[in-house]
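Bear in mind the structure is a predicted one, so any value in this text is a computation, not a measurement. Below, chain A is the first sequence line, B the second, and so on; all start at residue 1.
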Amino acid sequence: MRLATWNVNSINARLPLVLKWLEVAKPDVLCLQELKCVDEKFPAEEFTKLGYNSAVFGQRTYNGVAILSREASTNIQRGFPDDEEGAHARLIAATIKGVRVVNVYIPNGQFVGSDKYRFKLEWMRRLRRFFDESYETKERVLLCGDFNVAPEERDVHDPALWEGHVLFSKRERAALMNIKDWGFTDAFRLHTEEGGHYSWWDYRQGAFRRNNGLRIDHIWVSEPLAKDCKESWIDKEPRTWERPSDHTPVVARFRI
DNA sequence: ATGGTTGTAAAACAA
């Protein structure tokens, strides 16, 4: 089974690229973030034509997450169990081939010290609590998505420049490690030690051309799944296509 | 350089 995660920055603006990528990469599961549309505007029929089922949790203008899968997914959950009405559409979970797939779009945080930064840290605390209350570490659990945090210096093109800034500040990294401490392993780091591999590049200042990026999109797995993870990579090609998302897909392959 | 780019949606806001 191949699973991928991709922040598309509007599914309708990116539809031609997503369809093209599905046809060449042929993942079994594709987790999407930043749909920027309500459920009714999600182009599910286009994915049906390529053989994918859609589980969607949309929202007007901002956020929105979805899970595409060749096999039908079961037990679809939208948002945290204790979410209030109108809460951000940032989490969708579904079971596929015995794997509990949790797809998240962690808040960006705007800048360190802002209200949105505090919201990000609180959301991350809730995500850790969600795993404590919902799953056992011996189950096959997978957490993926746009985490909006680079875990380590080797995940940042210029750590000195980024130190203390949103996406790489100490409190965000601590909040991220707290989630990881539930029992996750970074699938990408099972297979690659060196730095310089990024999943996001700012649209501005030729950041992609200069490889000024961050590794902020991740696939994390519980212990039983880590044993079955054969490969993980970042597919930079869609970032070179016309009208790209600022993120590119991250992929993992499992012996399932 | 107090900037730069993109998407939504119709002027700012979010990233």
Distance check needed: [N] [atom2] versus [X] [atom1], whole Å only.
| X | N | atom1 | atom2 | answer |
| --- | --- | --- | --- | --- |
| A:Gln33 | B:dA15 | CD | P | 14 Å |
| A:Leu167 | B:dA15 | CG | P | 11 Å |
| A:Arg90 | B:dA14 | CZ | C1' | 10 Å |
| A:Ile216 | B:dA15 | CD1 | P | 12 Å |
| A:Lys36 | B:dA10 | NZ | P | 14 Å |
| A:Trp200 | B:dT5 | CH2 | P | 14 Å |
| A:Asn212 | B:dG4 | CG | P | 18 Å |
| A:Phe119 | B:dC13 | CZ | P | 18 Å |

Discussion item. Students often get this wrong, so: under 4.0 angstrom with heavy atoms, is A:Phe111 touching a base, only sugar-phosphate, or nothing?
Written reply: nothing
Worksheet item: Regarding A:Arg70 and the six-membered ring of A:Tyr52, is the cationic atom NZ or CZ under 6.0 Å from the ring centre and inside 45° of its axis?
Response: yes
Practice prompt. Cation-pi check, A:Arg173 to A:Phe168: give yes when NZ or CZ is under 6.0 Å from the six-membered ring centre and within 45° of the ring axis, no otherwise.
Written response: yes
Return the nearest nucleotide to the side chain of [X]; candidates are [options].
| X | options | result |
| --- | --- | --- |
| A:Tyr62 | B:dA15, B:dC13, B:dT8 | B:dC13 |
| A:Thr61 | B:dA9, B:dA15, B:dG7 | B:dA9 |
| A:Arg243 | B:dA15, B:dA10, B:dG7 | B:dG7 |
| A:Tyr203 | B:dT6, B:dT8, B:dA14 | B:dT6 |

Worksheet item: Taking 4.0 angstrom as the limit, do A:Asp82 and A:Arg126 come out as a salt bridge?
Response: yes
Using the [atom1] atom as the point on both nucleotides, what is the distance between [M] and [N], in whole Å?
| N | M | atom1 | result |
| --- | --- | --- | --- |
| B:dA12 | B:dG3 | P | 16 Å |
| B:dA9 | B:dA14 | P | 14 Å |
| B:dA10 | B:dA1 | P | 37 Å |

Worksheet item: Between A:Trp21 and A:Asp235, do the side chains contain an N or O donor and an N or O acceptor separated by less than 3.5 Å?
Response: yes
Worksheet item: So, is A:Arg14 near the phosphate of B:dG7, with a side-chain N or O under 4.0 Å from OP1 or OP2?
Response: yes
Response to the item:
5'-most contact on DNA chain B (nearest-nucleotide basis), A:Arg204 vs A:Asn148, goes to A:Arg204
Worksheet, complete the sentence: On DNA chain B, more 5' by nearest nucleotide between A:Ala13 and A:Asn63 is A:Ala13
Discussion item. Are A:Phe119 and A:His88 an aromatic pair, judged by ring center distance below 6.0 Å?
Written reply: yes
